[in-house]
S.K.: 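Below is a structure I'd like to ask you about.
These numbers come from a predicted model, not from an experiment.
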Amino acid sequence: KQWYQRRVAITAGEIKDDLTAKSKQLQNLTDAAQDVEELELSEDSFPFQLGEVFVEMTAEQTNNMITTYKAKIDKDMQALKDKSADIETNMKELKSELYGKFGSAINLEYD
């Protein structure tokens with residue numbers, strides 16, 4: 001069980017890192033949407049990166065793509081938060097069981 005708890009703690013850390021990365025992606029998309037809005041009157045088209053290729057799109061198409069990507073990232077973030085909550089619940093159950101068995105002779109806290 002100790003190995004399992006360590007693995008769960010590592011997974012929780014990975015989820016936290018993924019959430020941080022997704023949050024940064026979301027902020028970048030929000031910034032891009034603001035840039036498109038500010039430049040919409042002066043520009044006919046905008047380069048939008050799809051994979052490794054840039055595609056020229058109108059402001060409306062660009063905003064639609066940004067909205068689509070933001071919705072996907074929001075969905076991914078919610079799934080990660082749900083998974084994190086499940087892991088946290090599991091960790092609490094494991095800690096309770098192990099502390100009940102070994103008392104203060106063990107330290108199960110992680111950073």
Side-chain angles (χ1 to χ4, degrees):
K1 284 193 178 189
Q2 193 171 15
W3 173 86
Y4 180 72
Q5 183 189 18
R6 185 174 294 136
R7 180 64 205 143
V8 170
I10 291 169
T11 302
E14 291 168 351
I15 289 174
K16 182 179 177 184
D17 292 344
D18 288 348
L19 279 169
T20 300
K22 295 283 184 192
S23 180
K24 184 176 179 181
Q25 289 174 348
L26 194 58
Q27 183 59 49
N28 289 343
L29 287 170
T30 300
D31 293 345
Q34 290 173 346
D35 290 345
V36 169
E37 187 177 310
E38 291 172 6
L39 297 171
E40 187 172 3
L41 297 176
S42 62
E43 299 291 327
D44 293 332
S45 65
F46 297 88
F48 192 89
Q49 187 174 3
L50 295 172
E52 296 180 15
V53 178
F54 283 92
V55 179
E56 291 288 323
M57 296 183 171
T58 65
E60 182 179 346
Q61 290 170 322
T62 303
N63 279 326
N64 288 341
M65 289 298 289
I66 289 171
T67 300
T68 299
Y69 281 120
K70 285 173 73 173
K72 182 185 180 325
I73 290 172
D74 282 337
K75 183 178 176 183
D76 291 347
M77 287 179 72
Q78 187 57 51
L80 287 169
K81 287 176 184 176
D82 292 345
K83 188 173 183 180
S84 179
D86 290 345
I87 288 172
E88 190 66 32
T89 299
N90 192 8
M91 288 286 288
K92 286 179 183 176
E93 290 172 2
L94 283 171
K95 282 181 182 182
S96 175
E97 183 178 328
L98 289 170
Y99 278 131
K101 187 173 184 176
F102 297 106
S104 61
I106 60 172
N107 181 13
L108 300 176
E109 299 306 316
Y110 66 95
D111 295 329

S.K.: Mind checking the OG1-CD spacing from T30 to Q25? Nearest 0.5 Å is all I need.
M.R.: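 CD of Q25 is found 11.5 Å from OG1 of T30.
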S.K.: Judged by atom type as modelled, is there a donor-acceptor pair below 3.5 Å linking the side chain of S84 to the main-chain atoms of L80?
M.R.: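 Judged by distance alone, no pair lies under 3.5 Å.
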S.K.: Donor-acceptor pair, Q61 side chain versus T58 backbone, under 3.5 Å?
M.R.: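 Here the side-chain-to-backbone pair exists.
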S.K.: Closer than 3.5 angstrom, by distance alone: can the side chain of S23 be matched with the main-chain N or O of L19 as a donor-acceptor pair?
M.R.: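 Not confirmed, S23 side chain does not pair with L19 backbone.
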S.K.: For the CG atom of L29 and the NZ atom of K70, what is their distance to the nearest 0.5 Å?
M.R.: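 So the CG of L29 and the NZ of K70 are separated by 7.0 Å.
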S.K.: Taking side-chain contact (heavy atoms from CB on, under 4.5 Å) as the definition, give me every residue that meets it alongside T67, ordered by chain and number, with sequence neighbours left out.
M.R.: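 If we apply the side-chain contact (heavy atoms from CB on, under 4.5 Å) test to T67, skipping adjacent residues, there are no hits.
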S.K.: How long is the span from the CE atom in M91 to the OG1 atom in T11, to the nearest 0.5 Å?
M.R.: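 The CE atom of M91 sits 9.5 Å away from the OG1 atom of T11.
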S.K.: Within this structure, what is the CG-CD distance for the pair L39 and Q34, rounded to the nearest 0.5 Å?
M.R.: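 Between atom CG of L39 and atom CD of Q34 there are 11.5 Å.
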S.K.: Just how far is it from atom CD1 of I66 to atom CG of D31, taken to the nearest 0.5 Å?
M.R.: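 Rounded to the nearest 0.5 Å, the CD1-CG separation comes out at 10.0 Å.
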S.K.: If only side-chain N and O atoms count, and only distance matters, is there a donor-acceptor pair under 3.5 Å linking Q78 with D74?
M.R.: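 Absent: no donor and acceptor within the cut-off.
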S.K.: Measure across K22 and I73 and return the closest heavy-atom pair with its distance rounded to 0.1 Å.
M.R.: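 Here K22 and I73 meet closest at O-CG2, 3.6 Å.
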S.K.: Mind checking whether V36 and F54 sit in one hydrophobic cluster, side chains of I, L, V, M, F, W, Y counted as touching below 4.5 Å?
M.R.: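 They do not share one cluster, since no chain of ILVMFWY contacts under 4.5 Å joins V36 to F54.
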S.K.: Looking only at atom types and distance, does a side-chain atom of T89 sit under 3.5 Å from a main-chain N or O of A85, one as donor and one as acceptor?
M.R.: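 Confirmed, T89 side chain pairs with A85 backbone.
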S.K.: Taking the side chain as everything from C-beta on, heavy atoms only, tell me whether L50 gets closer than 4.5 Å to M57.
M.R.: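 They are in contact (side-chain heavy atoms under 4.5 Å apart), so the answer is yes.
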S.K.: Enter the distance from I87:CD1 to L94:CG here, rounded to the nearest 0.5 Å.
M.R.: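 Spacing of CD1 (I87) from CG (L94) equals 11.5 Å.
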S.K.: With sequence neighbours excluded, give me every side chain to side chain donor-acceptor pair (under 3.5 Å) pair touching residues 37-55.
M.R.: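 Matches after skipping sequence neighbours: S45-E56.
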S.K.: Using the ring centroid of each side chain, check whether F48 and Y69 are separated by less than 6.0 Å.
M.R.: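 Centroid distance F48-Y69: below 6.0 Å, so yes.
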